[in-house]
Amino acid sequence: MPSPILAPRGTYDLLPPASTLRASLEARMRVLAQGYGYGEIRTPIFEATELFERGVGEGTDIVEKEMYTFVDKGERRMTLRPEFTAPVVRAALEHKLFSVGPQRFFYIGPIFRYERPQKGRYRQPHQFGVECYGYAEPEADVEVISLAWQLVRSHGISDARLQLNSIGDAVCRERYREALLAYLRPLAPTLSEDSQRRLERNPLRVLDSKDPRDGEAVKNAPHMLEHLCDPCAQHFSTVRALLDALSIPYDVNPRIVRGLDYYTRTVFEIVSNSLGAQSTVCGGGRYDNLVASLGGPDVPAVGFALGIERFEMILSAGGAEPAPPRRGVQAIALGAQARARLLLLAQQLRERGTTVFMDLADRKVAAQFKLAERNGARAGVILGSDELATGELVVRDLVERSDVRLSLDDTEQIAAVLERMGA
RNA sequence: GUGAUUGUAGCUCAGCUGGUUAGAGCGCCUGACUGUGACUCAGGAGGUCGCCGGUUCGAACCCGGUCAGUCACCCCA
């Protein structure tokens with residue numbers, strides 16, 4: 001007895017009608033990004049492992065324990081992409097796009113991370129994100145943030161907040177790190193085990209610890225914002241002023257740090273309460289050193305990544321989606337002869353863009369009406385021996401429950417009547 | 001990687017302190033109704049109780065392992 005094969009752990013099948021909702025969400029994301037002048041980029045789902053080691057950072061959890069890595073038949077180390085930014089930079093460098101000026105890209109697709117699944121966390125999640133290259137100006141930060149915020153707003157999501165912070169550049173962050181360490185080291189014995197471990201590796205992480213034992217130490221810790229160098233502080237205050245000018249509400253949250261090594265200056269998250277332990281639906285920020293660290297020119301960049309599954313979770317938490325409108329026509333044939341004739345009509349209607357559902361088994365009318373219900377059809381066209389004899393066909397409005405008889409050969413009129421019904 | 005919890009029909013779930021033929025509701029199929037879908041009635045199909053092993057005269061139920069779901073930690077979208 002062979003055991004049944006299931007979808008791999010942490011993955012899932014997207015079936016109708018959920019797949020339809022997903023497709024239309026993605027379509028709205030495309031329209032939005034294009035409206036900001038961003039062009040879609042599609043990169044391979046696997047890349048040289050080294051790209052992520054260098055791009056994301058060797059010390060990060062992603063690289064240390066979450067990558068799906070394999071050796072291909074040519075002995076190359078390959079990794080299923082755990083994020084999009086490094087591949088996008090790689091592609092832009094490979095095609096020398098940075099030598100022709102600023103670049104704006106958006107992407108939609110799956111990423112892969114080997115993690116234990118839980119609410120809002122999968123091994124093959126999907127992300128929508130944008131990347132803006134070539135502008136160090138704070139306007140670029142705000143452009144990217146407002147794009148993300150518009151996506152949230154346009155879906156009527158009220159339970160979402162924008163959190164903003166600056167983690168400085170290489171210079172002032174290092175200074176802050178020293179100050180933070182000087183403050184935390186004496187308190188080390190009072191910290192949670194996790195935070196004691198974080199202390200030397202990445203002390204900024206202690207700040208967003210969830211362990212109540214760290215609360216006291218974190219509360220009085222020095223803030224990054226007080227240690228920003230002048231250019232970074234200036235950048236941050238301009239970002240804030242521009243957000244205010246655009247009426248985009250935000251909270252400054254000095255505790256948000258991002259998980260990837262490449263961030264500089266502005267970092268932000270959009271959070272929601274309907275995501276369980278994962279509160280972040282969208283995370284992003286500036287990464288001015290990434291392009292250079294991957295061997296490219298000195299190109300500043302800002303971007304974000306948004307979790308599509310998490311976004312859908314927020315949408316469904318906001319209330320049940322309205323039932324989709326009834327659409328299309330159920331072609332109901334009684335007998336093989338009628339079915340053959342209806343096939344022709346179905347084809348003609350489909351050529352005009354009408355959705356036509358058709359049962360192909362020899363079922364009774366009643367059963368075929370049930371199928372029409374299940375398909376959400378707006379109208380039915382019925383053809384049996386009577387109609388074949390008289391050359392007429394019954395067009396039924398499935399909502400009004402009213403019938404009209406029309407000439408079977410007058411496709412124009414049939415189409416017109418169906419259109420009037422909204423089919 | 002760690003911990004908790006769950007796994008019986010397509011779906012939601014019953015199944016007494018282990019006892020022999022595993023149930024319900026909904027859904028599905030057929031018929032009552034040569035050809036009109038939300039009702040009614042009568043039938044029917046569908047399960048090796050996640051999988052493997054152990055204990056026992058006997059296991060859906062107890063024990064071990066394993067796979068998967070869910071939730072949390074770590075971390076992140």
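All chains are named by letter (A, B, ...) in the order of the sequence lines, taking the proteins before the strands, and each is independently numbered beginning at 1.
- Between rC76(B) and Arg113(A), no contact under 4.0 Å exists linking OP1 or OP2 to a side-chain N or O.
- Counting heavy atoms of neighbouring residues, nucleotides and ligands inside a 6.0 Å radius, atom CD of Glu50(A) does not exceed 12 of them.
- Closest approach to the Leu6(A) side chain among rC28(B), rA68(B), rG1(B) is made by rA68(B) (side chain taken as heavy atoms from C-beta onward).
- Ranking rU30(B), rU36(B), rG35(B) by closeness to the Phe369(A) side chain, first place goes to rU36(B).
- When distances are taken from the side chain of Asp403(A) to each of rC74(B), rU36(B), rC75(B), the shortest belongs to rU36(B).
- Listed nucleotides rG69(B), rC75(B), rG35(B) differ in distance to Arg9(A); the shortest reach to its side chain belongs to rG69(B).
- Glu83(A) places no side-chain N or O within 3.5 Å of a backbone atom of Ile111(A) that could act as its donor or acceptor partner.
- Comparing rU30(B), rG1(B), rA68(B) against the side chain of Tyr114(A) picks out rG1(B) as the nearest.
- Under a cutoff of 6.0 Å and an axis angle of 45°, Arg123(A) and Tyr114(A) form a cation-pi pair.
- Listed nucleotides rC75(B), rU30(B), rU70(B) differ in distance to Glu66(A); the shortest reach to its side chain belongs to rC75(B).
- For Phe304(A) and rA77(B), the CZ to C1' distance is 11 Å, given to the nearest whole Å.
- Between the side chains of Ser272(A) and Asp159(A), at least one donor N or O sits under 3.5 Å from an acceptor N or O.
- The side chain to side chain donor-acceptor pair (under 3.5 Å) pairs that include a residue from residues 10-20 of chain A are Tyr12(A)-Arg22(A), Tyr12(A)-Glu309(A), where partners are two or more places apart or lie in different chains.
- In secondary-structure terms, RNA chain B builds stems of at least 3 consecutive Watson-Crick or G-U pairs, each pair having both distances under 3.5 Å, at B:1-7 with B:67-73, B:10-13 with B:23-26, B:28-32 with B:40-44, B:50-54 with B:62-66.
- Between Arg77(A) and Asp72(A) there is no salt bridge, since no side-chain nitrogen of the basic residue lies less than 4.0 Å from a carboxylate oxygen of the acidic one.
- Residue Gly384(A) is classed as a base contact, given a heavy-atom separation below 4.0 Å to a base.
- Take the nearest nucleotide of RNA chain B for Ser385(A) and for Lys119(A): the residue whose nucleotide is more 5' is Ser385(A).
- Distances shorter than 4.0 Å separate none of the side-chain N or O atoms of Gln278(A) from OP1 or OP2 on rC75(B).
- Side-chain proximity of Tyr122(A) to rU36(B), rA77(B), rG35(B): nearest is rA77(B).
- Separating the CZ atom of Arg213(A) from the C1' atom of rC73(B) is a distance of 12 Å, rounded to the nearest angstrom.
- No side-chain N or O of Tyr135(A) forms a donor-acceptor pair with one of Glu143(A) less than 3.5 Å apart.
- Taking side-chain N and O atoms only, Lys370(A) has a distance below 4.0 Å to OP1 or OP2 of rC28(B).
- Glu131(A) and Tyr287(A) form a side-chain donor-acceptor contact under 3.5 Å, judged by distance and modelled atom types alone.
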For every nucleotide of nucleotides 2-12 of chain B, 5' to 3': is a protein heavy atom under 4.0 Å from its base (B), only from its sugar-phosphate (S), or from neither (-)?
-> BB---------

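- Considering only the side chain of Val365(A), rG35(B) comes nearest among rC76(B), rG35(B), rC75(B).
- For the pair Leu398(A) and Ser279(A), nearest-nucleotide mapping onto RNA chain B gives the more 5' position to Leu398(A).
- No side-chain donor-acceptor contact under 3.5 Å links Thr43(A) and Tyr107(A).
- Proximity of a side-chain donor or acceptor of Thr190(A) to a complementary backbone N or O of Leu187(A) within less than 3.5 Å is detected.
- Proximity note for Gln118(A) (side chain, C-beta onward) versus rA77(B), rC74(B), rU70(B): the nearest is rC74(B).
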